[in-house]
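We're numbering straight along the sequence, starting at 1. Quick note: numbers below take in every heavy atom, side chains included, and nothing from hydrogens, waters or symmetry partners. This structure is a prediction, so every number in the text was calculated from the model and none was measured.
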Amino acid sequence: MENYTQWLQKIENYIVENMKSEMAQIQQNAVQNHTATMLEIGTSLLSQTAEQTRKLTDVETQVLNQTSRLEIQLLENSLSTYKLEKQLLQQTNEILKIHEKNSLLEHKILEMEGKHKEELDTLKEEKENLQGLVTRQTHIIQELERQLNRATTNSSVLQKQQLELMDTVRNLVSLCTKEVLLKGGKKEEEKPFRDCADVYQAGFNKSGIYTIYINNMPEPKKVFCNMDLNGGGWTIVQHREDGSLDFQRGWKEYKMGFGNPSGEYWLGNEFIFAITSQRQYTLRIELMDWEGNRAYSQYDRFHIGNEKQNYRLYLKGHTGTAGKQSSLILHGADFSTKDADNDNCMCKCALMLTGGWWFDACGPSNLNGMFYTAGQNHGKLNGIKWHYFKGPSYSLRSTTMMIRPLDF
C-alpha cells in the first residue's frame, strides 16, 4: 500500500515535472513566437509607414503643382482684370462724351421746338385765315353755280327754240319744194331722212343738227350731221371735246343716249342698232391728242346687235392713220357698263376703266373713259384711250365716232 502510494507519488511527481518542463518549453516557444510576431508587425508597420510617407510626398507634390497652376491663373486673371478696368475706363470716358453731346443736342432740340411752336402758331393763324377765305370763296362759288344754272337753263331754252325754229324752216323749205314741184306738174312723195346721208343727198350740205326718222323707232331723232369731212353725209354717234358731259353712266342711259348733239353726246345703242339695221354702214373714228395731232380709224363694215345680244360689235376692214392695227376688237365684243358686266375679264372693265364700251377683256380702247385735261392726261389707264395711236395710258383731247352708208 505504501509502495503503491509512493508509486503514485512518483507518478504524480513525474507528471508534475513533465508538465513543468512542457510549460517551460511552451513559455519559451510562446516568447519566441511573440518576438517573431512583433518583428513581423514592426516590419509591416515600417513598410506601411514608408508607403504612407511616399504617398504623402506624392500628394504634397500634386498640391504644390496645383498651387503653382492656381497662382498662374490668378496672375492671368489679374492681367485680364487690369485690361477690363482699362477698357471700362475708356468706355466711361466715351459715355461722358456722349452725355455731353446729348446735352448739347437736347439744348438744340429745345431751341428748335420753341421755333417750331412759333411757326406752328403762325401756320395755325394762316390756316384759320385761309379757312375763312375758302368759306367766303365757297359762298361765292355757290352763288356763281346758281347763276350758271339759271344761265344754262336759259341757254337750254334758247337751244330748244333754235331747234324748233330750224325744224320750222325745214318744213317751210319742204313745203316750198313741194309747191314748186306741183306747179311744174310733177308729183313726188316726200321721203323722211333715214340718216345724214339722206339729208346730204336732199341738198342740205351744211353741218348741223337735223331730224332723222329711223326704221322701227316710234319717234324721230335729232342728230348732228357732218357735211364737210371726206364728202359729208356722216351721222355722229359719239363726240367728246371738253369734258363738260359725264360719261360714267349706266346701261339704260347708254341704251337711249345722253347729251346734246351740238356738243358732247352719245347717240344711244338702241338708235345705233336701228340705224345700222337699215343698210350697210361704214364707221369712221376721228381722234386728236393734246398736241394738236389728228388721226383716224375707218372700218368698211360696221353694225351692232340688239339689246338681247348686248349690242355686240361687228367690224370688218380696218384702215387709217391711228395705227396699223385696230384698237377696236375686230372679232366682236359685247357692250358693258358699270351696272352691266358683259366683258371677258373677271376684273369688270367698266368699273375699272369707267364709261360704257366694247371692252372684250378690257381691250386697247375706250373712247368713253374719264376726260383728263392737258398735263393731267399721262399715265391714265381709265382715260379716253386709243392704244395704237398714243399708247395704253394717254388720255386724248377729243374724239368723234360717225357712220355713213357703205354705198354713199
Q: Validate the cation-pi geometry between Arg240 and Phe247: distance from NZ or CZ to the six-membered ring centre under 6.0 Å, angle to the ring axis within 45°.
A: yes
Q) Do Ser326 and Tyr299 meet the criterion of a side-chain donor-acceptor pair at a distance under 3.5 Å? A) yes
Q.
Taking Asn215's backbone N and O only, do any of them form a donor-acceptor pair with Gln278's side chain (distance below 3.5 Å, no angle check)?
A. yes
(Q) For Cys347 and Cys362: C-alpha separation, side-chain torsions, deciding distance, then whether disulfide (SG to SG under 2.5 Å) applies. (A) CA-CA 9 Å; Cys347 59; Cys362 291; 3.5 Å; no
Q. Out of Glu119, Glu113, Glu118, which one pairs with His116 under the side-chain contact (heavy atoms from CB on, under 4.5 Å) rule?
A. Glu119
Q) Salt-bridged, Asp334 to Arg312, with N to O below 4.0 Å? A) yes
Q.
Treating Asn366 as the side-chain partner and Thr354 as the backbone partner, does any N or O pair qualify as donor plus acceptor under 3.5 Å?
A. yes
Q) Would you find more than 12 non-hydrogen atoms of other residues, nucleotides or ligands less than 6.0 Å from Glu291 atom CD? A) yes
Q: Return yes if some donor-acceptor pair links the side-chain N/O of Ser207 with the main-chain N/O of Asn226 below 3.5 Å, else return no.
A: no
Q: Look at Arg54 together with Glu51 and state whether they make a salt bridge at an N to O cut-off of under 4.0 Å.
A: yes
**Q.** Asn342 side chain to Asn310 backbone, donor-acceptor under 3.5 Å
**A.** no
Q | Asp198 bridged to Arg279 by N-O distance under 4.0 Å | A | yes
Q: Applying salt bridge (charged side-chain N to carboxylate O under 4.0 Å, His left out), name anything that partners Glu40, two or more places apart in sequence or on another chain.
A: none
Q. What residues form a side chain to side chain contact (heavy atoms under 4.5 Å, CB included) with Arg284, not counting sequence neighbours?
A. Leu229, Asn230, Trp234, Glu286, Tyr296, Gln298, Met402
Q. What class does the angle between the rings of Trp358 and Phe335 fall in, given that below 30° is parallel, 30 to 60° is tilted and above 60° is perpendicular?
A. perpendicular
**Q.** Side-chain (Ser297) to main-chain (Ile285) donor-acceptor, under 3.5 angstrom
**A.** no
Q: Determine, using ring centers only, whether Phe408 and Tyr200 are less than 6.0 Å apart.
A: yes
